[in-house]
Amino acid sequence: MNTSKISININSTINSGQYFLWEKINNSWYGIYEDSILKITSPKDNGNVTYEYDSFPEIENWQHDVFRFEDKYDDIINEISKKDKIIENIIKEYSGLRIMRQKPLQCIISFLCSSNNNIPRIRLILRNLSRKFGKKIEWNNNTFYTFPTLKMLSNISQAELLQCGFGYRAEYVRKTVKSIVDQEIDMNLVRNSDYAKSKQEILKLSGVGEKIADCILLFSFDKMEAFPIDTWIIKLFQKKLGHIIISDLDLKINDKINPNQYKLVSKKIREHYGKYSGYAQQFLYYSIREENRRRW
DNA sequence: CGCCAGGGATCTT
DNA sequence: AAGATCCATGGC
């Protein structure tokens with residue numbers, strides 16, 4: 001176990017719809033990461049304080065990987081803050097919110113599950129899946145289950161997926177797992193290419209469209225310019241963000257946007273916020289949902 | 001009962 | 001090529 005003083009707000013970071021398999025027990029957060037359980041204890045309930053990091057089985061310094069401590073966080077948010085007044089105020093209000101880095105398989109399945117769904121239910125489905133098919137770990141008088149491996153996932157029947165609550169997304173999971181097993185998608189290419197090329201490749205997966213592709217690239221493949229555009233971001237775009245991003249806005253944006261509109265808006269947004277647009281997105285998203293008092 | 005939820009695939013024009 | 005419709009499931 002060790003501690004660090006890097007600027008981070010654990011509650012907003014963990015509980016902001018990016019990494020679903022975490023739960024708070026007493027004064028600690030527990031998260032699922034590969035074959036280990038991660039643990040963070042906050043001496044106070046929130047704020048930028050010193051946290052204690054632990055894991056079982058032990059992973060050395062996992063927090064640097066998971067919380068992206070290699071990012072120059074202060075430089076990034078200072079840079080983004082200059083882009084417009086809206087983001088400046090939001091970053092000030094929610095300082096310490098970070099992007100987390102998760103393992104690709106868990107991230108892909110998680111966001112497959114996110115389409116036309118809500119966050120509490122996404123978490124429930126993923127917990128059901130882990131409880132049934134993950135490895136059981138007893139630690140600190142609590143029982144945890146790791147996320148199923150690729151091999152395990154490939155052996156799960158459609159009926160069992162439905163039992164977990166995937167609904168119509170069960171078919172996406174089945175096809176996507178098969179594509180990965182059969183190496184119809186090149187994970188090394190996704191990892192090592194630039195944003196555009198990586199996105200093109202990840203879009204081959206069934207159930208992965210423009211938005212979910214951006215989530216996967218941002219949250220597990222280090223493509224920090226990826227800016228997922230979901231229904232909440234669209235609401236913000238309609239209300240006030242649109243005229244900041246696109247001068248002389250003649251673009252009609254409905255509640256649901258088609259892929260071409262997505263690409264256009266995405267391009268403009270990334271031109272506006274720059275190569276760390278993903279951070280801007282996380283702040284905007286968190287802020288809108290908090291304003292609307294949505295459950296995480 | 002209808003509506004909504006971090007959308008995407010498929011069918012229709 | 002763009003637009004409309006359908007998709008399981010649970011909370012409200």
Side-chain angles (χ1 to χ4, degrees), chain A residues 12-22 90 94 97 99-100 102 106-129 156-179 185 199-220 223 226-238 241 251-266 269 277-296:
Chain A
S12 63
T13 297
I14 289 178
N15 213 15
S16 57
Q18 48 173 323
Y19 193 158
F20 301 102
L21 285 174
W22 284 83
I90 292 174
Y94 296 110
L97 176 60
I99 303 282
M100 297 176 77
Q102 32 189 318
Q106 181 177 330
C107 186
I108 290 167
I109 304 298
S110 294
F111 281 96
L112 276 183
C113 190
S114 72
S115 78
N116 201 23
N117 208 346
N118 60 64
I119 289 178
R121 230 172 70 78
I122 296 167
R123 308 172 69 135
L124 176 66
I125 294 167
L126 294 171
R127 277 204 300 275
N128 289 342
L129 183 71
I156 300 176
S157 72
Q158 202 74 348
E160 289 171 318
L161 288 174
L162 290 176
Q163 267 193 310
C164 293
F166 278 91
Y168 69 92
R169 309 168 195 85
E171 189 65 10
Y172 298 160
V173 174
R174 191 186 65 75
K175 286 182 180 172
T176 284
V177 167
K178 182 168 168 29
S179 294
I185 166 173
K199 185 158 182 177
Q200 190 181 6
E201 185 71 6
I202 204 79
L203 280 170
K204 290 179 181 173
L205 295 175
S206 173
V208 176
E210 291 287 331
K211 188 267 173 181
I212 291 180
D214 278 333
C215 289
I216 295 168
L217 293 181
L218 176 61
F219 298 135
S220 68
K223 309 306 176 201
F227 187 105
I229 303 171
D230 77 312
T231 52
W232 293 97
I233 294 289
I234 291 171
K235 287 191 215 312
L236 182 66
F237 197 86
Q238 292 166 330
L241 199 60
L251 178 66
K252 284 243 189 285
I253 295 292
N254 297 325
D255 290 353
K256 301 207 171 186
I257 60 177
N258 62 45
N260 283 332
Q261 291 175 320
Y262 190 106
K263 285 174 198 161
L264 173 62
V265 173
S266 168
I269 286 177
S277 291
Y279 273 94
Q281 187 277 346
Q282 198 62 19
F283 276 99
L284 294 170
Y285 177 70
Y286 189 77
S287 146
I288 314 165
R289 298 205 23 128
E290 283 292 299
E291 277 179 23
N292 287 275
R293 302 175 180 284
R294 307 303 293 197
R295 292 178 52 225
W296 300 99

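By convention in this document, chain letters (A, B, ...) are assigned in the order of the sequence lines, proteins followed by strands, and residues within each chain are numbered from 1.
With distances taken from any side-chain atom of A:F219 to the nucleotides B:dG7, B:dG6, B:dA5, the minimum falls on B:dG6. For A:N258, whose side chain is taken as the heavy atoms from C-beta onward, the closest listed nucleotide among C:dT9, B:dG6, C:dG3 is C:dG3. Closest to the A:N260 side chain, of the nucleotides B:dG6, B:dA9, C:dA2, is C:dA2.
The shortest distance between the side-chain N/O atoms of A:T231 and the OP1/OP2 oxygens of B:dG7 is below 4.0 Å. Put simply, A:R121 has no side-chain N or O that comes within less than 4.0 Å of OP1 or OP2 on C:dG11.
One can place CZ of A:F111 at 13 Å from C1' of B:dG7, the figure rounded to the nearest angstrom. Here the P atom of nucleotide C:dG3 and the OH atom of A:Y262 are 18 Å apart, to the nearest Å. Counting to the nearest Å, the P atom of B:dC4 and the CG atom of A:D230 are 15 Å from each other. Straight-line distance from the OH atom of A:Y168 to the P atom of C:dC6: 14 Å, rounded to whole Å. Distance CD1 (A:I122) to C1' (C:dA8): 14 Å, rounded to an integer number of Å. Atom-to-atom, CD of A:Q281 to C1' of B:dG6 comes out at 8 Å; the value is rounded to the nearest Å. Protein atom CZ of A:R169 is 13 Å distant from nucleotide atom P of C:dC7, rounded to whole Å. Here the P atom of nucleotide B:dC4 and the CG atom of A:N292 are 14 Å apart, to the nearest Å.
A parallel orientation is assigned to the rings of A:Y286 and A:W296, their planes being inclined by less than 30° (bins at 30° and 60°).
Nucleotides C:dA8 and B:dT10 have their P atoms positioned 13 Å apart, rounded to a whole Å. Straight-line distance between the P atoms of B:dG6 and C:dC12: roughly 13 Å, to the nearest whole Å. When the C1' atom is compared between C:dG3 and B:dA5, the two are found 23 Å apart, to the nearest whole Å.
A:I234 is listed as a side-chain neighbour of A:I253, based on a closest heavy-atom distance under 4.5 Å. Within the 4.5 Å cutoff, the side chain of A:V173 has no heavy atoms near those of the A:T176 side chain.
Among the protein residues, A:S110 comes within range of no part of the nucleic acid, since none of its heavy atoms lies under 4.0 Å from any strand. The residue A:Q282 sits close to a base: some heavy atom pair falls under 4.0 Å. If you check every strand for non-hydrogen atoms under 4.0 Å, A:E171 touches nothing. Using a 4.0 Å heavy-atom cutoff across all strands shown, A:N116 reaches at least one base atom of the nucleic acid. Backbone-only engagement by A:G207 is indicated by non-hydrogen atom pairs under 4.0 Å involving sugar-phosphate atoms exclusively.
If you check distances only, the side chain of A:K211 never reaches the base of B:dG8 with a donor-acceptor pair under 3.5 Å.
Nucleotides of DNA chain B nearest to A:G209 and A:R294 differ in position, and the one nearer the 5' end is that of A:R294. Positionally, the nearest nucleotide of DNA chain C for A:S115 lies more toward the 5' end than for the other of A:S115 and A:R295. Residues A:N118 and A:A213 both approach DNA chain B. Their nearest nucleotides, taken by heavy-atom distance, put A:N118 toward the 5′ side.
Both stacking criteria are satisfied for A:Y285 over the base of B:dG6: a centre-to-centre distance under 5.5 angstrom and an angle between ring planes under 30 degrees.
In this structure, A:I14 and A:M100 approach most closely via the heavy-atom pair CA-SD, 4.0 Å.
Taken from CD in A:Q163 to CG in A:L161, the straight-line distance is 10.0 Å, to the nearest 0.5 Å.
With ring centers used as reference points, A:Y285 lies 6.0 Å or more from A:F227.
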